[in-house]
Amino acid sequence: MKTIRGTKDILPHEITSWQSIYKTAYKILDLNNYKEIRTPVIENTKLFERSIGNLTDIVNKEMYSFNDQGNRSITLRPEGTASIARSVISNKLYINQPINRLWYMGPMFRYERPQQGRQRQFHQLGIECIGSNMPIADVEVIKIAIEILTKLQCEKEYELEINSIGNQEERKKYCQDLIEYLKKYENDLDEDSKKRIYKNPLRILDSKNLNTQEILQSSPILKNYLQKNSKKHFESICDHLSYLKIKYKINNYLVRGLDYYNHTAFEIKTKTSKQQNTICGGGRYDTLFEQIGGPHIPAVGWAIGIERLLLLKEKNFSHTDTIYIAIQSIDNNNHMIWKIIDLLKEYKIKFELDISNYSLKKQIKKAYQLNIKICFILGENEMNDNFITVKWLQTGIQQQIKILDLRKYIKYLQKQLQS
Ligand code: ATP
Ligand code: MG
């Protein structure tokens, strides 16, 4: 039997990368006073219909919904923000604390066509800064996304795009004019966009179709519909980003696939030409809480797609910090190995003891395959004369270290591995 289409097992050799992302994110988020929250994977279908919006792709065609045995309509969450807003309201988290800084990491479900970087069960890491309408909150969350991506060593490979989609009124006026304009070209638009003209014209701005993009070139621009407050909010964010030397590109056509956003919308894209190149999407959502029956609470957040992040980082999460120990099987019992292992443990150095009983040559080959940097070799000569051979696999350099000097050497290795 296979996994269900669009879902994947995360196998033991892949899990280190996941743990490393969790750990890195945790450290940065903890420092910024963000608290983890875990909400159920299933929610009432209504929650997503009301928040994400009935006319969006997610709700319209991508939701995993079913009726449970009590005939309630249940949906596997397609994203995290709506559930968190629901949780903040139903647990009244906003009462004791005007500001809630929250983060989550977990599986999301969308019925999409599976392809590279697009699954039906995928994972997101996300944060929500809830309770502030200040532009500085938008900047805080963007800065944290950049910090996390930088720490995960993606800094040279991404681009931040940002836009303001104004408030509801401004958008309404804009949409009317956009529809008027697009109507003239209705027959030349791509099929998806044709369907969206009257239902969700904003999404057309996002079209990847070249013809449609050309038509959009001379369409009205949302920016020109923004009033003083919206403009001020956006300019303030740009000003802070410039001060922080966070590079950004204003993209007048950037809109998000969810209805609840207002003012700020942003995406972090990788510079590769791959199709699924957006790793992080986010924005401000000041009306979501009211939309689902709560009080007025302004908020801003983002979500990073973990699978896409991993595609990008495939090579960097390797076993370079593990020491591989190749050992020759011998007849008489030699206990030297335990001394070595205890020392490695004492200095908190990860190790893998090869217990395959293969030849030393084959064991070292395995270490190469695992992208290991340092291999300890414990053959017959070594055991007889109380030393080990250390092989640096990237350079091929070999050293012989006496067991008596091993502590000193391992202390030195610890520093090398940390740098
Ligand atoms: P896209 O335009 O790629 O469909 P989206 O706008 O639907 O993205 P969001 O809802 O903003 O995506 O989700 C944030 C991030 O989650 C995306 O940038 C992406 O990295 C990831 N993501 C979204 N859908 C999927 C999916 N089906 N499989 C894997 N990752 C996904
Ligand atoms: Mg999508």
Side-chain angles (χ1 to χ4, degrees), residues 9-28 148 150-156 306 309-419:
D9 294 317
I10 300 166
L11 298 170
H13 73 271
E14 299 162 322
I15 212 78
T16 17
S17 308
W18 289 78
Q19 288 165 340
S20 144
I21 290 177
Y22 186 94
K23 264 193 254 166
T24 304
Y26 173 80
K27 268 192 218 149
I28 292 171
I148 290 176
T150 305
K151 193 79 197 168
L152 293 169
Q153 296 171 343
C154 313
E155 75 260 47
K156 286 185 204 79
I306 305 289
L309 189 65
L310 285 171
L311 279 177
L312 191 72
K313 298 312 300 166
E314 230 159 17
K315 289 191 199 82
N316 286 22
F317 295 109
S318 54
H319 295 81
T320 49
D321 59 343
T322 299
I323 290 192
Y324 202 79
I325 310 176
I327 184 167
Q328 196 162 32
S329 99
I330 36 159
D331 296 335
N332 59 330
N333 280 333
N334 185 310
H335 300 136
M336 219 162 91
I337 183 64
W338 300 117
K339 237 184 220 158
I340 300 168
I341 285 178
D342 276 348
L343 274 173
L344 288 171
K345 281 188 186 166
E346 191 181 325
Y347 287 91
K348 305 215 161 31
I349 297 176
K350 275 198 270 184
F351 63 91
E352 179 173 345
L353 175 62
D354 191 315
I355 47 174
S356 65
N357 211 7
Y358 288 154
S359 70
L360 281 179
K361 205 172 142 199
K362 236 179 165 176
Q363 293 181 47
I364 294 164
K365 200 171 152 201
K366 177 81 195 165
Y368 272 114
Q369 282 166 357
L370 289 171
N371 222 354
I372 297 268
K373 240 171 30 188
I374 302 163
C375 185
F376 284 4
I377 301 165
L378 207 53
E380 217 174 323
N381 291 342
E382 282 86 351
M383 291 194 206
N384 289 338
D385 295 338
N386 284 316
F387 72 96
I388 65 164
T389 299
V390 179
K391 189 172 172 117
W392 294 73
L393 298 184
Q394 281 157 342
T395 56
I397 289 173
Q398 291 204 31
Q399 295 165 287
Q400 298 190 338
I401 309 294
K402 286 195 205 110
I403 289 295
L404 283 175
D405 295 334
L406 196 58
R407 175 182 291 275
K408 221 163 63 192
Y409 186 76
I410 284 179
K411 215 166 159 179
Y412 152 81
L413 275 189
Q414 187 192 36
K415 284 212 188 89
Q416 290 287 309
L417 288 167
Q418 274 167 357
S419 63

Legend entry - Heavy-atom side-chain proximity of Ile364 to Tyr324 below 4.5 angstrom: no

By side-chain hydrogen bond (donor to acceptor under 3.5 Å, both in side chains), Ser359 pairs with (sequence neighbours left out) none

- Message: With a 4.5 Å cut-off on side-chain heavy atoms, are Ile372 and Ile323 touching?
- Response: no

For the pair Leu310 and Ile21, evaluate side-chain contact (heavy atoms from CB on, under 4.5 Å) and give the outcome as yes or no after the intermediate values. CA-CA 9 Å; Leu310 285 171; Ile21 290 177; 3.8 Å; yes

Leu360 and Gln328 have their tightest heavy-atom pair at CD2-N, 3.9 Å

Separation between OH (Tyr412) and CD1 (Ile401), nearest 0.5 Å, reads 9.0 Å

Asp354 and Ser356 have their tightest heavy-atom pair at OD1-OG, 2.6 Å

Result block: side-chain N/O donor-acceptor pairs under 3.5 angstrom for residues 389-396, not counting sequence neighbours:
residue	atom	partner	partner atom	Å
Thr389	OG1	Glu382	OE2	2.5
Trp392	NE1	Gln399	OE1	2.8
Trp392	NE1	Tyr409	OH	3.4
Thr395	OG1	Ile397	N	3.3

d(Glu352 CD, Phe376 CZ) to nearest 0.5 Å is 14.0 Å

The reported gap from CG in Leu406 to CG in Leu344 (rounded to nearest 0.5 angstrom) is 7.5 Å

Residues 337-349 vs salt bridge (charged side-chain N to carboxylate O under 4.0 Å, His left out), sequence neighbours excluded, gives Glu346-Arg407

Quick one: does any side-chain atom of Gln363 pair with a main-chain N or O of Tyr358 as donor and acceptor, under 3.5 Å? yes

- Message: When you measure from the side chain of Asp9 to the backbone of Leu11, do you find a donor-acceptor pair of N or O atoms at a distance under 3.5 Å?
- Response: no

Here the gap from Ile341 atom CD1 to Ile325 atom CD1, rounded to the nearest 0.5 Å, amounts to 5.0 Å

d(Lys402 NZ, Asp385 CG) to nearest 0.5 Å is 11.5 Å

When rounded to the nearest 0.5 Å, the distance separating OG1 of Thr16 from NZ of Lys350 is 7.0 Å

